[in-house]
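Okay, structure first, notes after.
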Amino acid sequence: SVYGGRAGQRLDETALTAPVTEYGRSRVAGETLVRQSGLHWMILRPASIFGAAHSKFGTSFINVLVDRIWQGQPISIANPNHRVEPVYVWDVAALIASLSGSCWHDDTILNVGGPEITLGGIRDILIAEAGKHGLAVACEDAPGGFDEPPILDCGSLHRYCPDWRPTAPERVIVELFKARQPAAAKP
């Protein structure tokens, strides 16, 4: 969101920010305050973060789709060919823990992205998992939607933390599907 609508372009941390949403502008403003603080800092620029919990700040689009499936509601995917890089919230937490002793002395910006997957790929994983639970999913691809995000070049991250590997979205989505299962549907 800080890089703006440069659809499908691979961008590293040196790319100019060009947010097009209020959310993106607020992230850039927060980064500016951190950089001007006089303290040593590290800024992580994650792609779409997703995980098992709802919060007062909202929930990820993957969680929304899972909940709709469990509630018997149809799902729709805008732009199924768009590539995204969802990163599991616990992977980000583990990354922060592993970086905490190594490079806080640097003033550094790091992109953090998970493995690339299309929105249609996420839909297909959800439909397959729903089928394992005997759930039929009504799904149609919706026209329009949002612009494809840029692809984050995470090369700097891997130089700082060469052993960090985000969990494959397929594995996390299956676990989220099970974790979000309503109590009434559990065997």
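Computation of the quantities below employed the complete heavy-atom set of this structure, encompassing side-chain atoms and omitting hydrogens, waters and symmetry-equivalent molecules.
More than 12 heavy atoms of other residues, nucleotides or ligands lie within 6.0 Å of CG in Leu33, so this atom counts as buried by the packing criterion. Taking a 6.0 Å sphere around CZ of Arg25, one finds it holds more than 12 heavy atoms contributed by other residues, nucleotides or ligands.
With respect to Ile117, the side chain to side chain contact (heavy atoms under 4.5 Å, CB included) criterion is satisfied by exactly one of His82, Arg83, Glu170: Glu170. For the side chain to side chain contact (heavy atoms under 4.5 Å, CB included) criterion with Leu110, the lone passing option out of Met42, His158, Arg45 is Met42.
Follow the hydrophobic side-chain contacts under 4.5 Å out from Val174 and you never reach Ile127; the two are in separate clusters.
Within the 4.5 Å cutoff, no side-chain heavy atoms of Ser60 are placed close to those of Ile49. For the pair Leu126/Val66, a side-chain contact is recorded, criterion being any heavy-atom separation below 4.5 Å from C-beta on. Contact annotation: the side chain of Glu85 never approaches that of Ser48 to less than 4.5 Å [non-hydrogen atoms, C-beta and beyond]. Side-chain contact between Phe50 and Ile122: absent, with no pair of heavy atoms (C-beta onward) separated by less than 4.5 Å. Looking at Thr118 and Val84, their side chains never come closer than 4.5 Å, going by heavy atoms from C-beta outward.
We find the CG-CD1 distance between Asp124 and Ile77 to be 9.0 Å, quoted to the nearest 0.5 Å. A distance of 8.0 Å separates CG in Leu44 from CG in Leu157, rounded to the nearest 0.5 Å.
Classification of Arg10 and Glu116 as a salt-bridged pair holds, one side-chain N sitting under 4.0 Å from a carboxylate O. Salt-bridge formation is detected for the pair Arg180/Asp67: a Lys NZ or Arg NE/NH1/NH2 atom is positioned less than 4.0 Å from an Asp or Glu carboxylate oxygen. Between Arg27 and Glu31 there is no salt bridge, since no side-chain N of the basic residue sits under 4.0 Å from a carboxylate O of the acidic one.
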message: As a quick check of understanding, evaluate side chain to side chain donor-acceptor pair (under 3.5 Å) for Asp91 and Thr167, giving each step before the final call.
response: CA-CA 7 Å; Asp91 289 341; Thr167 306; 3.0 Å; yes

key: Intermediate values then yes/no, side-chain contact (heavy atoms from CB on, under 4.5 Å), Asn111 and Tyr3   = CA-CA 11 Å; Asn111 286 335; Tyr3 296 116; 2.8 Å; yes

How far apart are the C-alpha atoms of Val172 and Ile62, what are their side-chain angles, what is the distance that settles it, and do they pass the side-chain contact (heavy atoms from CB on, under 4.5 Å) test? CA-CA 10 Å; Val172 178; Ile62 295 173; over 6 Å; no

Stepwise side-chain contact (heavy atoms from CB on, under 4.5 Å) test for Leu95 and Val112
CA-CA 9 Å; Leu95 173 64; Val112 181; 3.7 Å; yes

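Closest approach of Ala130 and Ile69 over heavy atoms only: CB-CG2, 3.8 Å. Across all their heavy atoms, Arg35 and Ile43 have their closest contact at CG-CD1, 4.0 Å. Taking both residues in full, the closest heavy atoms of Ser37 and Val34 are given as OG-O, 2.8 Å, listed atom of the first, atom of the second, then distance. Nearest heavy atoms, Ala47 versus Val87: O-CG1, 4.2 Å. Annotation for Arg123 and Pro80: closest pair NH1-CB, 3.8 Å, computed over non-hydrogen atoms. Counting all heavy atoms, side chain and backbone alike, Pro166 lies closest to Pro115 at CG-CD, 3.8 Å.
Relative ring orientation between Trp70 and His133 is described as perpendicular, the plane-to-plane angle rising above 60° on a 0-90° scale split at 30° and 60°.
Between the side chain of Asp153 and the main chain of Gly155, a donor-acceptor pair closer than 3.5 Å is present.
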